[in-house]
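Remarks on the structure that follows.
Labels below follow one simple rule: chain letters A, B, ... track the order of the sequence lines, proteins then strands, and each chain is numbered from 1. This one's a predicted model, so the numbers in the text were calculated from it and none came from an experiment.
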Amino acid sequence: MRQLHLSTASEAPKLDAQMVAMATPYAECGMDLNFTPDEQRFRADVRAFIDANLPTAIRDKVLNGKRLSKDDFLTWHKILYRQGWVAANWPVEFGGTGWTAVQQHIFSEEAADAGAPGLMPFGLVMVAPVIMAFGNRAQQEYFLPRILSGEDWWCQGYSEPGSGSDLASLKTRAERVGDKYIVNGQKTWTTLGQYADWIFCLVRTSVDARKQEGISFLLIDMKTPGIQVRPIIMLDGEHEVNEVWFDNVEVPVQNLVGEENKGWTYAKFLLGHERTGIAEVGRSKRRLKRLKDIAARQCGTDGRPLIEDLRFRDRIAQVEIELMALEITNLRVIAAEMEKKAPGPEASLLKIRGSEIQQTLSELLMLALGSDALPYQEAALDAGYDGPLAGPDYAAPLAGQYFNTRKTTIYGGSNEIQKNIISKMILGF
Amino acid sequence: MDFTFTEEQHQFQDSLQRFVRKDYDFERRRAIIASDAGWSREVWQQLAEMGVMALALPEAYDGFGGGGFDTLLVMEALGRGMVVEPYLATVVLGAGVLIDAGSAAQRQAVLPAVAAGERLLALAHDEPGQRYASSTIATTAQAVDGGYRIDGQKSVVLHGAEADQLIVSARTAGDVRDAQGISLFLVDATAPGVERFGYPTQDGLRAASIRFNNVRVGADALIGTEHEALAVIEKALDRGIAALCAEAVGNMTATIEATVGYLKTRKQFGVPIGTFQALQHRAVDMYLHAEQARSMAYLAAAKLEAPSGERRQAVSAAKVLVSQSAHFVGQQAVQLHGGIGVTDELAVSHYFKRLTMISMLFGDADFHLDRFGQHLAA
């Protein structure tokens, strides 16, 4: 390509092909939506490893929407741990992969496509970066290896019955008595807390200051006397979340992360830390495939496959296009991350659109079933169920997944809260 | 994977944006669209001197050999200022056809003049009642006397009355709706038998109805292979769509800036209206649409040289999302401005009108949703 020359000094800048050649040939690099050969090789390596190592029984459960046990999650976690791939987002010094943001993206895309179960984020993605950034040496040395190996299962103690969107109003108290904190209160929406060994909690250590300034970040052993976990059954009939009650729970002061009353800062750090996984692009791509597959097998009203019904086809096409846009936006954010650009409103954008697309897909998957969506056969959600089925074998989980997926626009900061965040950035109000 | 523009691309876009901001403000634009010609030869010359026309043309014809992303940068910058000069018609569509299918002689005769800002082109393809079906061509080109005789009617030819040369699609064989049998011709706009009726469009740009009555051209007027022009036309239209997507992104950026500025300064009930959550969330929705549209404009630009099936998919997907976003952003910008938004006085209504027309050019969202969705049935 001929070189292009710019004079920025003049008022009406000109490109002058006759000017002396500039050092860098024009457009030698820049804007390329394709992955590099190195990135493609990396993808091939990841795919080959997952192919060879993901247990078939687990993959089949994921692809068919069957229940996953604690063991299933841990089995996959440990397989990746042995390969050194479990902590995609960690730096090498703590035993992470040291992967670039692009590599992390490729890994999660491949894992989702292959039907690998998601890795539990509570330890790897949520508490670990806080411990790395704000914990002391002893905390790092104790907790991080146990998170890596899967020895400790973590859960999150943020929300309370009276503190949802207004999280900083939380009331769970931690009173310093000697070298202990005495914790009293209640946390809620604790995902898979029934399996957890540890919980990271936001607790109130001061009531004098502004509400954000009296919060501390505590790590609590779930086996401590005084902790009670009570199940909350979700609208799909499943036990996914819990209440966690604290009754005079004694926590050694060594389990305070960072400084007392600085917990809100750490919590916000955590929220801004994980920007791209939140879009769930890989998972949605897998669900889209499933939708096309089911819509091709379901019968439309005129006897032709449902996918050829123009109204339904348009709805699939629309969500596919929105997912394409989300994927590229996600890649743009990853690219900005690689350039170490400060986070803008993108995390909120990805959360809003990503969650909406997950909901649309789950809704279309259910609608594709027609009246076969109605039967509630919870026993059929277990792998190996061989009793009678009320409908096609793929039908049993889909309505429940639709109901369950309503959570995505609520959790992690509701979409309305995300819009407040974006508004503050673009409007300043 | 690389989402960064080169330093040169950045500098180029900055320069062009500065030019648009300083020398093509809303009042200047208003004067230009109210003039008889409806466009400014002076602005066109300035753009040519900056290298805007040459940027995406091949090096062999006085261009800089740029690609889809260079066109994207130009269109985004032009979109910010709603520049009405015929870049899309002349460079993207007209020159694009010649780059893809023109003979060396045709390119040599036309492209350097385009690069220098001395030649305007228009693609005369749409016909009355055709809607978006690109193979519906009733205009005929009959082989006579070693050349062709063109007869027929073209409608909504972008900048057709201003163009020096027309690229005309005409049927050399087959029936009105056949994909085969369409050919393209390079025709002088002032040739005997060419009747042009120019008019302004809703967004202040210009277009024309053009009638061809017994227009005689030589065999050398044929562009590419006889009967085989549909693929060339579809690629040109896809280039046009990618360019429009980029223009829409520039337009939406400016529209949102204007709207956010208004929300911050307009007071009611004693406070800026931007403090009201209902309006904040609407502004955020506009931002979300514009960001997704930007992603799809990138995709369309990236896929222009891909195999035709892949290119079509990407371009149609982009046009669906950008058209939907254009409607949303335009409508809500007007709504958030309140009464002043539905007047001619502020730029916002003009941005809205241009966004609306962009959404309808070369296939609206429904048309492209259908085209995109065809892979599902296959």
Side-chain angles (χ1 to χ4, degrees), chain A residues 1-4 6 8 11-17 22 24 26-36 39 102 292 295-296 307-308 310 313-314 316-318 320-322 324-329 331-332 334-336 339 345-346 348-349 352-353 416 418-420 422-423 426-429, chain B residues 1-9 11-12 14-15 18-19 22-23 46 49-52 54-55 59 62-67 69-70 256 260 263-264 272 274-275 277 280-281 283-285 287-288 291-296 298-299 301-303 314 317 320-321 366 369-370 372-373 376-377:
Chain A
M1 178 167 180
R2 216 165 98 197
Q3 288 168 13
L4 201 143
L6 293 148
T8 46
E11 269 297 289
K14 294 174 182 179
L15 303 176
D16 184 350
M22 282 173 68
T24 321
Y26 177 68
E28 196 171 54
C29 50
M31 268 302 185
D32 182 2
L33 270 58
N34 298 308
F35 289 100
T36 64
E39 288 161 352
V102 174
K292 290 178 182 177
I307 202 167
E308 293 179 20
L310 281 185
R313 192 182 92 177
D314 279 353
I316 299 176
Q318 180 75 42
E320 181 168 5
I321 289 168
E322 284 168 16
M324 287 166 83
L326 181 72
E327 182 175 12
I328 295 163
T329 305
L331 292 172
R332 285 168 55 203
I334 288 168
E339 302 258 297
E346 299 90 354
S348 296
L349 184 164
I352 293 170
R353 281 288 183 259
E416 288 71 25
Q418 304 297 338
K419 288 185 182 181
N420 289 351
I422 298 174
S423 170
I426 63 177
L427 268 166
F429 293 121
Chain B
M1 204 186 78
D2 188 349
F3 278 87
T4 53
F5 291 104
T6 62
E7 194 52 38
E8 288 79 8
Q9 285 174 318
Q11 283 182 24
F12 177 75
D14 283 351
S15 307
R18 207 174 324 127
F19 171 75
K22 290 181 67 166
D23 296 324
Q46 287 172 305
E49 282 165 23
M50 290 169 67
V52 171
L55 186 58
E59 294 165 64
D62 295 353
F64 291 99
F69 280 105
D70 298 289
I256 291 172
V260 164
L263 291 176
K264 284 178 167 175
T275 57
Q277 197 176 42
Q280 290 175 352
H281 284 197
V284 168
D285 288 338
Y287 162 82
L288 296 177
E291 284 301 317
Q292 296 291 72
R294 177 179 293 280
S295 290
M296 293 309 271
Y298 287 175
L299 179 70
K303 295 290 185 189
V320 169
L321 197 125
D366 283 348
L369 189 64
D370 186 66
F372 177 84
L376 294 169

Q. Can you tell which of B:Gly274, B:Ala301, B:Ala54, B:Ser295 has the highest number of heavy-atom pairs within less than 4.5 Å of chain A?
A. B:Ser295
Q. Which heavy atom in B:Leu369 sits nearest to a heavy atom in A:Ala317, and how many Å separate them?
A. CD1-CB, 3.7 Å
Q. Mind checking whether B:Phe3 and A:Asp32 have side chains closer than 4.5 Å, heavy atoms only?
A. no
Q: Considering non-hydrogen atoms only, spot the tightest contact between B:Val284 and A:Ser423 and give its length.
A: CG2-N, 3.6 Å
Q: Answer with side chain, backbone, both or neither: which region of A:Leu326 has an atom nearer than 4.5 Å to a non-hydrogen atom of chain B?
A: both
Q: Would you mind telling me which of A:Ala296, A:Ala295, A:Ala325 has the largest number of heavy-atom pairs within less than 4.5 Å of chain B?
A: A:Ala325
Q: Quick one: which of B:Leu263, B:Asp366, B:Leu299 has the most heavy-atom pairs under 4.5 Å with chain A, could you say?
A: B:Leu299
(Q) For a 4.5 angstrom cut-off between non-hydrogen side-chain atoms, does A:Ile422 reach B:Gln280? (A) no
Q. Which answer fits A:Glu327, side chain, backbone, both or neither, if we ask what part of it has an atom under 4.5 Å from a heavy atom of chain B?
A. neither
Q | Under the side chain to side chain contact (heavy atoms under 4.5 Å, CB included) test, residues paired with A:Val102 that sit two or more places apart | A | A:Phe35, A:Glu39, A:Thr100, A:Ile106, A:Ile334, A:Met338, B:Met1
Q. Between atom CZ of A:Arg332 and atom OH of B:Tyr298, what is the distance when rounded to the nearest 0.5 Å?
A. 5.5 Å
Q.
Rounded to the nearest 0.5 Å, what separates atom CD1 in A:Ile352 from atom OH in B:Tyr287?
A. 9.5 Å
Q | Heavy-atom pairs under 4.5 Å with chain A, option from B:Lys303, B:His281, B:Arg294 with the top count | A | B:His281
Q: Please step through side-chain hydrogen bond (donor to acceptor under 3.5 Å, both in side chains) for the pair A:Asn420 and B:Gln277, ending with a clear verdict.
A: CA-CA 8 Å; A:Asn420 289 351; B:Gln277 197 176 42; 2.9 Å; yes
Q | Nearest non-hydrogen partners of B:Leu288 and A:Leu349, listed with the distance | A | CD2-CG, 3.5 Å
(Q) Looking at A:Arg353 and B:Glu291, is any side-chain nitrogen of the basic one under 4.0 Å from a carboxylate oxygen of the acidic one? (A) no
**Q.** Close side-chain approach of A:Leu33 to B:Phe69, heavy-atom, < 4.5 Å
**A.** yes
(Q) If I measure from the heavy atoms of chain B, does A:Leu331 come under 4.5 Å with its side chain, its backbone, both, or neither? (A) both
Q | Within-4.5 Å side-chain heavy-atom neighbours: B:Met296 and A:Ile321 | A | yes
Q | Results of side chain to side chain contact (heavy atoms under 4.5 Å, CB included) for A:Glu322 - residues two or more places apart only | A | A:Gln318, A:Ile357, B:Leu321
(Q) When you compare the side chain of A:Arg313 with that of B:Asp370, does any pair of heavy atoms fall below 4.5 Å? (A) yes
Q) What option among A:Gln418, A:Met324, A:Glu308 has the most heavy-atom pairs under 4.5 Å with chain B? A) A:Met324
Q | Which portion of B:Val320 sits near chain A, non-hydrogen atoms under 4.5 angstrom | A | side chain
